[in-house]
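Here the structure is a predicted model, which is why all the values come from computation and not from measurement. Index from 1, following the sequence. Counting starts at 1 for both ligands and their atoms, in listed order.
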Amino acid sequence: ALEQKAFGLELRYYSGRVLIEAVSPKIFRFRLTAKSEWEEKISDAVILKPGADFKLERKLDRLIISTSHLRVIIPEGEFRFEIYDQEGRLLSQDFPGAGVRFASGEFQLHRYIFPEEEFYGLGDKYSFLNRRGRLWTFWNLDVGWKQYKRDPRYSSIPFLISLRQELAVGWFFDHPGWLQLDLGRRFSSLFSIYGKGEELDFYFLYGPSLRDLIQLYAQLVGTSYLPPLWALGYHQSRYSYFTQKKIEELGEEFEKNQLPLSAIHLDIHYMEKFKVFTVDKARFPDLKGLSKKLKEKGIYLVAIVDPGLKVSKNYSPYLRARENKILCADEKEEEYQARLWPGRCAFPDFFQKSAQEFWAEEHKFLFEQGIEGIWNDMNEPSFWKSELRFKDLVIPLRGEENPKMYHRINNKKVAHSYCRNLYGQKQAQATVLAFKKFKPGKRHFILSRSGFAGIQRYAGVWTGDNLSRFEYLSGSISQIISLGLCGVSFCGADIGGFALNCSSELFARWIELGAFYPFCRNHTAIKTRAQEPYQFGEEVLNIARKYLKLRYRFMPTLYSLFWLTHKTGLPIWRPLFLEFPTDPQARKIEDQVLIGDSLLLAPVVEKKARRRRIYLPEGLSLIHI
Ligand code: GLC
């Protein structure tokens, strides 16, 4: 049966229903369910409401729904579809013999891959930019440095770009539960989508140029928020600067060494036994005084805030959360508890408005201490079964990757597995609310490890616990480029690497590149060697100073690029093929990056290398700095 709707049509099949909507002349939405009713949406990633003119034609054996740019053809029988543009080019077709399948809380959809098709996007994946030939999973996970290359990863951005020569189309899967995309691993011409949940909701986007496609996706899920200017400067961090004194010395060292510095991050040891919204008074006797003094020098303090609240009857944020009934539940409707830095914790259900308000309110304490930025970590969320503790050192053991946790969304109990990939984003939303409440009219700085499509509306992200090895330096280029293609321009990798000791040579190379990361932070793990730019001798210090000063000189351009991405969604870091779409060679270059449309960066990212080859697309020329 067919029912015409305001912006499309609904088709009813024996096994379920399908809603097809013309969101814009270049975007079709497909929503499929095996249920008899539509559920209220969990994901709020999409901000564009359907609203395009469309035409519906009924033929004997098929239906055609079209806009000024696209034609979707749906044959009689079980649900299938083909998409053409108005020039008659076939853009997407079913995989022969395989359609949509829904069965007991899981779904599958199969499409055909064209021989010349290349795939890009999918946010932060540790791989080559072209995603074809592999299986990709979306399930936010605390990857950790020991398995840093693994997939799935900290964040999930299921925006897939398909390129056939210059023809660009995209798929966005608005699915915050477990999702997997097989891009030709099983068969080179088979693109399969597997998901857990009762429905599949996805968007098909038509460029037809890559440049237009990226901007179209930005209209769908929103562009990057604008951070304050100081957040574009250099951030110094480590796990952890243990005392107030240490932080004071840090500020002095930077000054003495004539290194610019805009922010210092306080990792978990600033808190009393890792309890969020507390300060360890013994270690930080006057945090307020410290932040004031630093601010006078243009240095802002950023504090880490993890989602877990320690379960304890002496800890008031937890008691308040309990009282407000905003904690996540387990299958028996009791408080869900898991382990994290402070020990046994309970977790705010950020999907509830009241939980967001509660969380925002708790930030008052930190802002009163002069904290200017919030760093949200462990928000996949990460849960441990146990850990080892030696004084300041905590070693997590065995993660819980499929927690039996429940949320209340739209007044219904929803299993965590249906919405996990949105949890960190919901925490970021709550943190934005905190800034709105306590710092009205001011731009905020939030850094988040986890996220879903649209995280750029609330926070910047970093790529998690990388390693102090050359391959992770070069690997960061494609991670950051890919995040940018997917709307997340405000991002960076830990400069110098997080785990293991960084060598002088590696640090020099990393700061040369990192000085151009949209988000520029040096960070390292507990027990690694000191990693501030002045810890590697005179030569490296001079290099670091030169490049960091260059970043600050470059700031007006960088700032304008932030503005541009905020307005249009065009990325700050760009792959060569975005600006040179007709150059086949440009597709293969993954160790160079364009900043904006005209500055080409070709960093040295190989150990012992003293020179490198540069690919100069036509029209670019060389300047040496
Ligand atoms: C996680 C974070 C890292 C942080 C550490 C301690 O490993 O990814 O950046 O330093 O936790 O808070």
Against Glu372, only a single residue in Lys439, Lys292, Arg443 fulfils salt bridge (Lys or Arg N to Asp or Glu O under 4.0 Å); can you say which?
Lys439
Is the distance from the ring center of Phe350 to that of Trp359 below 6.0 Å?
yes
Can you name the closest pair of heavy atoms from Thr463 and Arg153 and give their distance?
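So the two residues come closest at O-NH2, 4.4 Å.
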Smallest heavy-atom separation, Pro307 atom then Met378 atom, equals CG-O, 3.6 Å
Are Tyr126 and Tyr148 close enough, and set up right, to give a ring-ring contact (aromatic ring centres under 6.0 Å, His included), and what steps lead you there?
CA-CA 8 Å; Tyr126 194 88; Tyr148 187 70; 5.8 Å; yes
How would you list, by chain and number, the residues with a heavy atom under 4.0 angstrom from ligand 1?
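For ligand 1, the residues that come within the 4.0 Å heavy-atom cutoff are Tyr239, Asp267, Ile268, Ile304, Trp341, Trp375, Asp377, Arg449, Trp462, Asp465, Phe498, His523.
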Answer with yes or no whether the side chains of Gln429 and Asp44 bring together a donor and an acceptor at under 3.5 Å.
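Yes, because at least one side-chain N or O of Asp44 sits under 3.5 Å from a partner of the opposite role on Gln429.
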